[in-house]
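Quick note on labels: first sequence line is chain A, next is B, and so on, each numbered from 1.
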Amino acid sequence: MAKFPFPDKDKHWQQFWKQYATFRHQNPSESSKPKFFVMDMFPYPSGSGLHVGHPLGYIATDIIAKYRKLQGYNVLHPMGFDSFGLPAENYAIQTGTHPAITTENNITRYKEQLEMLGLGYSDTAELRTSNPEYYRWTQWIFLKLFDSWYDRKLNKARPISDLTAHLSQFGTQNLDPAGGEILSFTAESWKALSEADQQKALLNYRLAYISYAPVNWCEALGTVLANEEVKDGLSERGGHPVTRIPMRQWSLRITAYSDRLLEGLDSLDWSDALKEMQRNWIGRSSGLEISFPLEGRAESLEIFTTRPDTLFGVSFLSVAPEHPLAASLLTAVQKEAGLAYIEKSKSRSERDRMADTKQVSGVFSGTYARHPFTGKEIPVWIADYVLAGYGTGAVMAVPAHDDRDFLFANHFGLEKKQVIQCPENFDNHAAAWTEKSGKALNSDFLNGLEVPAAIEKAIVEAEARGLGKRKINYRFRDAIFSRQRYWGEPIPIIFKGDIPYALPESELPLLLPEVESYKPTGTGESPLAAIESWVNLPDGSRRETNTMPGWAGSSWYFLRYLDAHNSKSFSDAEKAQYWLNVDLYIGGTEHAVGHLLYSRFWTKVLYDLGHSPVEEPFQKLVNQGMILGYRYYLEADVDNKIIYGLKNVPSGKATIKLEIPQALMAEHASFKKERLSELLEHHQLNPSGWKWEAPDGDFVETPAYTDKMSKSIGNVVNPDDMCQHYGADTFRMYEMFLGPLEQYKPWNTNGITGVHGFLKKVWNLLHNENDQLILTQEAPTKEELRLLHTLIKKVREDIERLSFNTSVPAFMVFANEMHRLACRKQEIWNSAIICLAPYAPHIAEEIWKEMGHSTSIFTATFPEFQAEYLVLDEINYPVQINGKTSSFTLTYPAGMDKNALEEAVRADEKLGEILKGRELKKLIVVPGRIVNLVLEG
RNA sequence: GCCGGGAUGGUGAAACUGGUAGACACGCAGGACUUAAAAUCCUGUGGCCCGAAACGGCUGUGCGGGUUCGAUUCCCGCUCCCGGUACCA
């Protein structure tokens with residue numbers, strides 16, 4: 001028998017591809033082929049390397065890239081590294097190793113692993129975000145954001161110079177910029193402002209602006225923490241308390257793009273789930289903003305509601321404790337209780353407030369407002385279920401038609417007035433009728449209208465009477481764009497006094513300076529602040545010491561892939577025109593509302609400013625599922641006497657459950673038992689030296705739980721081992737075979753032998769005992785050709801719809817059939833090996849070479865993969881069933897008429913026998929296979 | 001709570017537009033080769049029933065209904081699981 005030479009040969013082909021740059025893309029000027037741009041969400045190179053979960057998406061993009069190449073496309077399939085980030089910085093704090101060194105080592109390791117899997121990337125496109133040649137352009141884009149404002153009239157971003165020109169000519173007249181405060185100037189008053197005041201005003205409109213936002217401050221560590229570093233209000237490292245304190249921050253005005261980010265989703269080929277996540281995150285809701293005049297005061301209280309149809313059911317107003325008017329609303333009688341409540345709300349962390357959402361709390365302010373329509377007195381309450389940050393920070397409460405208001409009214413015994421008809425069987429004493437259906441009643445001019453019509457009418461009426469206006473609110477907030485950290489892109493800004501100025505483009509890249517210590521400064525500023533010589537400039541101005549957040553570099557990297565070494569521009573316009581947008585992007589759902597929203601935002605800004613030919617970066621996006629690791633537990637009933645270490649143990653028997661490491665599952669039962677006793681002791685459940693003894697002397701293995709693979713859980717399966725043992729091709733195919741790409745699935749190494757066996761079977765069929773390829777020049781039979789074309793069709797269709805898992809069985813069936821027929825015909829196998837190449841590139845290359853080719857299989861184009869091959873037509877085929885006429889779709893190769901097809905079916909040996917002399921009533925055929933056949937009688 | 005997705009043998013799963021449910025693989029059982037093992041190959045394998053066997057019958061895609069000549073697929077009502085999100089007015 002032939003000796004299957006894998007994985008031994010893997011390295012050879014990986015070297016070969018590298019040497020000949022097989023997977024390097026061609027620039028538009030060098031190629032007349034159609035383009036295909038496919039990419040993965042690039043990794044952060046962590047210290048622990050890849051586990052078997054990571055490559056899932058990488059293998060999928062690699063298969064489609066190789067397939068497109070064989071199809072004749074100019075393929076760009078790049079890989080890069082998101083190399084700024086916290087772990088390397090934290091490691092630097094602990095060990096003093098420069099993050100650049102750690103990062104470099106990790107990238108080296110990642111690249112080795114990626115190469116080991118036979119993944120073919122375009123070498124000239126590789127990038128890393130921490131490279132100055134890269135972050136130079138990240139800084140450049142930041143400056144573009146800083147130098148832009150959003151014109152809501154034209155619905156696009158424009159240079160600040162346009163704004164200043166308008167201001168000095170017309171003031172704020174005819175101007176509708178997205179901004180923080182609404183400012184108003186005449187041309188004269190604008191020109192009269194000092195330079196500093198003008199700059200301050202402009203900061204209100206820039207797409208990158210300064211704000212004061214709360215950060216996670218940890219006093220004990222003397223540093224600001226990222227959200228991921230805070231667990232349950234304590235720092236992840238050390239477990240010190242964390243408080244929220246406001247700090248000067250850069251923010252990006254992403255909210256200006258809310259509507260365009262929403263609308264853009266419609267044109268994208270993304271999953272509904274993902275689009276929905278982004279929609280929810282943006283959280284657009286339209287309604288009415290209306291003012292309630294306050295009794296005996298000049299001010300009014302502005303509230304926002306999405307249910308203006310229930311206006312006549314208002315029984316009180318609620319304002320957030322942080323509302324600017326909250327304290328001033330308190331009358332003398334209510335002052336003490338009210339202030340105490342406001343104080344208490346302040347001290348409660350956001351987390352605490354969220355934790356007990358079921359708890360109703362609030363206090364009456366003593367003040368009344370007047371209902372804008374009825375003039376009725378409405379009490380004003382202060383309640384922490386109202387969020388200061390959303391809408392106006394004040395709401396109208398309609399207990400009969402809102403759950404929260406209902407609970408609140410119940411708790412404080414406030415009035416509930418029904419204004420929307422609810423079904424008869426609905427008990428409106430037990431709950432609020434919150435459905436947006438039913439007719440309005442007790443509602444003056446709204447009576448009799450259905451909810452949607454009533455909403456509309458109420459808004460129109462409020463606007464007509466000058467009481468309020470239609471308003472759209474977003475849950476979405478502007479994106480905070482600074483980190484008080486070292487290992488990130490320096491922000492290219494200089495402060496003169498407290499006014500920020502852009503660093504001149506000629507001074508980019510602003511290099512990240514060396515620091516003596518990576519430790520936080522203790523003041524909350526980044527370690528950069530400690531470098532006096534860097535921060536202070538000769539003219540007395542100071543540099544910004546914040547750095548950019550992790551998502552800065554990843555928001556535009558797809559643009560850099562096209563032109564990774566351009567030192568003149570961030571990406572060449574001609575190349576961008578040719579390559580964009582990305583045809584397929586594969587990555588995890590964890591980036592659904594972060595990276596994917598930010599990169600859409602940046603792309604839109606660049607598009608508005610004329611730097612990007614497309615408005616949406618990623619046309620088609622697929623979320624690959626995660627590969628999970630198993631967690632094993634042993635479960636046993638034990639006597640509660642001996643487990644007093646556990647809390648809340650019920651009397652009598654109790655069940656304990658202990659997690660045990662994966663490696664242990666393979667061990668002998670008696671060893672496991674011993675080990676369980678050890679674990680019990682380790683967990684101090686058995687301090688009295690009791691020996692494990694379950695009633696039947698045994699324990700129960702619970703069904704395995706699955707969880708993310710992580711080093712700390714110890715359920716990581718390493719791709720290196722898999723590749724060493726079975727070879728990269730087996731591993732690649734097995735990862736695909738495991739199940740649908742999008743699905744979450746546990747890794748189970750057991751099945752891998754099936755895929756391995758298939759590849760060996762192919763090899764053994766084609767080689768003799770002396771490892772020589774034995775192919776014959778015989779003409780293939782009809783059956784062999786049919787099997788081959790079934791395979792080609794299946795592989796094509798599956799890859800086109802990204803269903804890689806169903807292609808693998810097609811290969812197996814084909815191999816089994818060829819084995820059965822002992823088919824070693826050159827004509828058949830030449831094509832079959834090309835089909836196999838995207839999945840098992842190493843084996844395909846080896847056989848290809850043995851067939852006498854001197855160049856890579858991937859430099860070939862395969863006509864059978866091209867569009868015009870196997871074009872199918874359809875006809876409607878009417879049939880009589882039980883006297884009724886139905887029609888069925890008949891699919892057949894182009895150029896073949898119905899009669900010819902039926903003839904062909906009848907000509908089939910077996911079918912001919914069955915069909916002889918009978919009428920064909922129904923026939924459903926796909927090429928090569930009859931799906932359904934109904935005969936008379 | 002709300003939004004999205006899902007449930008098919010012992011296991012991972014397939015079935016593309018409603019058309020032979022369970023392809024393919026793992027596992028298991030039996031067999032061939034072998035002194036033996038490994039490797040390789042062959043056969044069987046949803047459940048139940050009849051039968052010496054070939055053949056055959058019934059049943060079966062989470063549960064209950066419906067549409068249809070025909071439903072894993074479409075519709076209505078449930079149960080459970082997974083993911084996202086949450087005092088967003």
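Among the nucleotides B:rA39, B:rC87, B:rC16, the one closest to the side chain of A:E797 is B:rC16. Of the candidates B:rC3, B:rC16, B:rC88, the closest approach to any side-chain atom of A:K794 belongs to B:rC16.
For A:L765 and B:rC41, the CG to P distance is 11 Å, given to the nearest whole Å. Distance CD (A:E735) to P (B:rG12): 18 Å, rounded to an integer number of Å. Remark: C1' of B:rA89 and CZ of A:F292 are 12 Å apart, rounded to the nearest angstrom. The separation between A:F758 atom CZ and B:rU40 atom P is 15 Å, rounded to whole Å. The separation between A:K745 atom NZ and B:rG12 atom P is 13 Å, rounded to whole Å.
Nucleotides B:rG77 and B:rC87 have their P atoms positioned 29 Å apart, rounded to a whole Å. Only the C1' atoms considered, B:rG56 is 8 Å distant from B:rC50, to the nearest whole Å. Separating the P atom of B:rG64 from that of B:rG84 is a span of 32 Å, rounded to the nearest Å. Distance noted for atom P between B:rU61 and B:rC74: 16 Å (whole Å). Spacing of C1' atoms, B:rU79 relative to B:rG31, comes out at 46 Å, to the nearest Å. Taking the P atom of each, B:rC63 and B:rU68 are spaced 23 Å apart, rounded to whole Å. Rounded to whole Å, the C1' atom of B:rU8 lies 14 Å from the corresponding atom of B:rG47. Here the separation of B:rC58 from B:rG51, taken at their C1' atoms, is 15 Å to the nearest Å.
Looking at heavy-atom distances under 4.0 Å, A:E742 makes no contact with the nucleic acid at all.
At a threshold of 4.5 Å between non-hydrogen side-chain atoms, the residues A:K471 and A:I290 do not count as touching.
Note on A:R404: a side-chain N or O is less than 4.0 Å away from OP1 or OP2 of B:rC88. Contact annotation: A:S803 does not reach the phosphate of B:rC16 (side-chain N/O to OP1 or OP2, under 4.0 Å). Distances shorter than 4.0 Å separate some side-chain N or O of A:Y390 from OP1 or OP2 on B:rA89.
A salt bridge links A:D266 and A:R279; the closest N-O separation between the charged side-chain nitrogens and carboxylate oxygens is under 4.0 Å. Between A:E456 and A:R470 a salt bridge is recorded (basic side-chain N to carboxylate O distance below 4.0 Å). A salt bridge between A:R796 and A:E800 is absent, with no side-chain N of the basic residue lying under 4.0 Å from a carboxylate O of the acidic one.
Between A:G391 and A:L274, the residue anchored closer to the 5' end of RNA chain B is A:L274, taking for each the nucleotide with the nearest heavy atom.
In this structure, A:F737 has no ring pair (Phe, Tyr, Trp, His ring centres under 6.0 Å) partners at least two apart in sequence or on a different chain.
Under the Watson-Crick or G-U wobble criterion, with both distances below 3.5 Å, B:rA54 has no partner in any strand shown. Base pairing annotation: B:rU67 forms no Watson-Crick or G-U wobble pair, as no partner gives both donor-acceptor distances under 3.5 Å. In this structure, B:rA25 and B:rU11 make a Watson-Crick or G-U wobble pair, each of the two defining distances being under 3.5 angstrom. Using the Watson-Crick or G-U wobble rule with both distances under 3.5 Å, B:rG4 pairs with B:rC82. Nucleotide B:rC41 has B:rG31 as its partner under the Watson-Crick or G-U criteria, with both atom distances under 3.5 Å. Figure legend. B:rU72 is base-paired to no nucleotide; pairs are counted as Watson-Crick or G-U wobble with both atom distances under 3.5 Å.
With hydrogens and angles ignored, the 3.5 Å screen pairs a side-chain donor or acceptor of A:D771 with a backbone N or O of A:K3. Between the side chain of A:N764 and the backbone N or O of A:K760, at least one donor-acceptor pair lies under 3.5 Å. Under a 3.5 Å cut-off, the side chain of A:H323 and the backbone N or O of A:A394 do not form any donor-acceptor pair.
In the displayed structure, A:W281 atom CH2 is contacted under 6.0 Å by at most 12 heavy atoms of other residues, nucleotides or ligands.
Both cation-pi conditions hold for A:K416 and A:F406: the charged atom is under 6.0 angstrom from the six-membered ring centre and inside a 45 degree cone around its axis.
Base orientation for B:rG9: syn, the chi torsion being within 90° of 0.
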Letter per nucleotide, 5' to 3', of nucleotides 22-29 of chain B [B base touched, S only sugar-phosphate touched, - untouched; heavy atoms, 4.0 Å]: -BBSS---
Per-nucleotide protein contact string for nucleotides 72-85 of chain B (B base, S sugar-phosphate only, - none; heavy atom under 4.0 Å): ------------S-
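Rounded to the nearest 0.5 Å, atoms CZ (A:F292) and CD1 (A:I303) are 5.0 Å apart.
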